[in-house]
Amino acid sequence: MTDRVAGAQNPCMNLTAEQIALGKLCALGATEGAAPTVDTVVWGDSHGEALAPGIADVAARAGKSVLFAGRHGCAIGTHLQDSSWQARDCAAFDGAMHRWLLASPRIGRVVLVSRWSSLRDAKSVAAADSLAEVVKQLTAAGKQVWLVGPVPDVKTLVPRALYLRSLGLAQDFELRPREDEFKATQSRTLAVLGELSRLPGVSLVLPHEVLCADGWCEVVRDGRPLYFDDNHLTTVGATLVARVLEPAFR
């Protein structure tokens, strides 16, 4: 088991609109690498990519397979109405995923995974409205939507900090994020996702409920880092966090 997926070289993060239109997404889970008949799709950004190994593990243990596609830096739904030059890649990906999902009656469940950065700012009404529109259209098409909340950000690069500690340096530096600081930073995000979760056919799972306890959020488990930078999960972290999605695969 590696500590992360393949990053920029990951083909799941570089699917063309034509591939998406044909349903040629990546398969994760019990029949990974095959082309199974599945009813669940995971749509994400780089946080979706980071969580993918954990989702694959959960799906495999349930004897199921899911499809996955993502694009780095593309907040789900935000770019569907953005015609700017800077957003063209995300707009093309978002549009292709949205159209294919709405046109695919066999897909009954959609899991949305994102860093949700665009929702943090209270002034970012457009991002919240765009996401709400995507969710409402998916549920209107008869699909269950599972929203995966944000993971806590860490104030430094976790592997680097652990290495410095192993050298006897930075021993007094607290790596773990405070849970109350996470909730304050993500208050707008959690409120938007919470409101959407009250819609029929929508569920919300919160990774911080797995990572945080007694006021602090874990960054290490059994000596192994749960993050490969300051906000993306390692495979160890993804496997831990993905447990919140087990009900989606029952």
Side-chain angles (χ1 to χ4, degrees), residues 1-14 26-30 32-33 42-62 65-66 68-76 111-117 146-167 169-171 173-179 181-182 185-186 189 205-214 216-246 248-249:
M1 178 181 291
T2 60
D3 274 349
R4 60 169 294 183
V5 285
Q9 302 305 313
N10 185 350
C12 305
M13 303 299 288
N14 292 286
C26 292
L28 305 173
E32 188 169 352
V42 180
W43 175 3
D45 57 9
S46 61
H47 278 224
E49 177 189 29
L51 191 59
I55 292 174
D57 178 68
V58 170
R61 285 190 285 108
S65 183
V66 302
F68 169 71
R71 190 62 55 92
H72 291 281
C74 295
I76 296 168
V111 181
L112 303 180
V113 189
S114 176
R115 190 178 185 186
W116 306 118
S117 298
W146 286 73
L147 300 167
V148 180
V151 300
D153 289 349
V154 187
K155 293 180 180 179
T156 188
L157 301 177
V158 173
R160 179 178 182 274
L162 293 176
Y163 173 68
L164 291 175
R165 281 190 174 181
S166 74
L167 299 177
L169 304 173
Q171 294 293 330
F173 184 79
E174 179 57 70
L175 289 177
R176 297 174 301 168
R178 290 183 59 89
E179 185 175 6
E181 291 181 355
F182 161 75
T185 300
Q186 297 283 6
T189 303
V205 294
L206 298 169
H208 75 271
E209 293 183 348
V210 176
L211 293 172
C212 305
D214 300 321
W216 296 93
C217 302
E218 281 188 276
V219 297
V220 180
R221 172 68 66 93
D222 297 328
R224 301 184 70 182
L226 302 183
Y227 294 77
F228 67 75
D229 53 14
D230 60 357
N231 67 91
H232 291 88
L233 297 172
T234 61
T235 297
V236 175
T239 301
L240 178 66
V241 166
R243 293 174 186 171
V244 298
L245 279 169
E246 287 180 348
F249 300 107

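For the numbers below, each heavy atom of this structure counts, side chains included, while hydrogens, waters and symmetry mates do not. As the structure is a prediction and not an experimental result, all values here were calculated from the model.
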Colleague: Residues in ring pair (Phe, Tyr, Trp, His ring centres under 6.0 Å) with His232, at least two apart?
Modeller: His47, Phe228
Colleague: With rounding to the nearest 0.5 Å, note down the distance linking CZ in Arg71 to CG in Asp45.
Modeller: 12.0 Å
Colleague: If I take atom OG1 from residue Thr234 and atom CZ from residue Arg221, how far apart are they, to the nearest 0.5 angstrom?
Modeller: 11.0 Å
Colleague: Find the distance between CZ (Arg115) and SG (Cys74) and round it off to the nearest 0.5 Å.
Modeller: 14.5 Å
Colleague: Under the side chain to side chain contact (heavy atoms under 4.5 Å, CB included) rule, what do Val113 and Trp146 come out as? Steps first, then yes or no, please.
Modeller: CA-CA 9 Å; Val113 189; Trp146 286 73; over 6 Å; no
Colleague: For the side chain to side chain contact (heavy atoms under 4.5 Å, CB included) test, which of Val154, Leu211, Asp230 pairs with Val219?
Modeller: Val154
Colleague: Do Tyr227 and Glu218 touch side chain to side chain, with heavy atoms closer than 4.5 Å?
Modeller: no
Colleague: Nearest 0.5 Å please: distance from the CD atom of Glu174 over to the OG1 atom of Thr156.
Modeller: 12.5 Å
Colleague: Find the distance between CG (Leu175) and CG (Leu157) and round it off to the nearest 0.5 Å.
Modeller: 10.5 Å
Colleague: On a heavy-atom basis, which atom in Arg176 and which in Cys217 lie closest, and how many Å separate them?
Modeller: CB-O, 3.3 Å
Colleague: Any chance you could measure Trp216, atom CH2, to Arg178, atom CZ, to the nearest 0.5 Å?
Modeller: 5.0 Å
Colleague: Can you tell me which residue among Leu240, Thr239, Leu51 is in a side chain to side chain contact (heavy atoms under 4.5 Å, CB included) with Leu233?
Modeller: Leu51
Colleague: Just by distance, do the side chain of Asn14 and the backbone of Asn10 share a donor-acceptor pair under 3.5 Å?
Modeller: yes
Colleague: At their closest point, which heavy atom of Cys26 faces which heavy atom of Pro11, and how far apart are they?
Modeller: SG-C, 4.4 Å
Colleague: Of the non-hydrogen atoms in His208 and Glu179, which two are nearest, and what is the gap between them?
Modeller: CD2-OE2, 4.1 Å
Colleague: Not counting sequence neighbours, which residues clear side chain to side chain contact (heavy atoms under 4.5 Å, CB included) with Pro207? List them please.
Modeller: Val148, Val151, Val241
Colleague: Would one find more than 12 heavy atoms of other residues, nucleotides or ligands at under 6.0 Å from atom CZ of Arg160?
Modeller: no
Colleague: If you compare all heavy atoms of Phe249 against all heavy atoms of Ala62, which two are closest, and at what distance to 0.1 Å?
Modeller: O-CB, 3.7 Å
Colleague: Indicate the atoms forming the closest heavy-atom contact of Val236 with Pro225, along with that distance.
Modeller: CB-O, 4.1 Å
Colleague: If I compare all heavy atoms of Ala75 with all of Ser114, which pair ends up nearest, and what's the gap?
Modeller: CA-OG, 4.3 Å
Colleague: Given Val205, which of Val111, Leu245, Leu147, Val210 fulfils the side chain to side chain contact (heavy atoms under 4.5 Å, CB included) condition?
Modeller: Leu245
Colleague: Checking Ser46 side chain against Glu49 main chain: does a donor-acceptor pair fall under 3.5 Å?
Modeller: no
Colleague: Is there a side-chain contact between Val158 and Leu226 in this structure, where contact means two heavy atoms from C-beta onward sitting under 4.5 Å apart?
Modeller: no
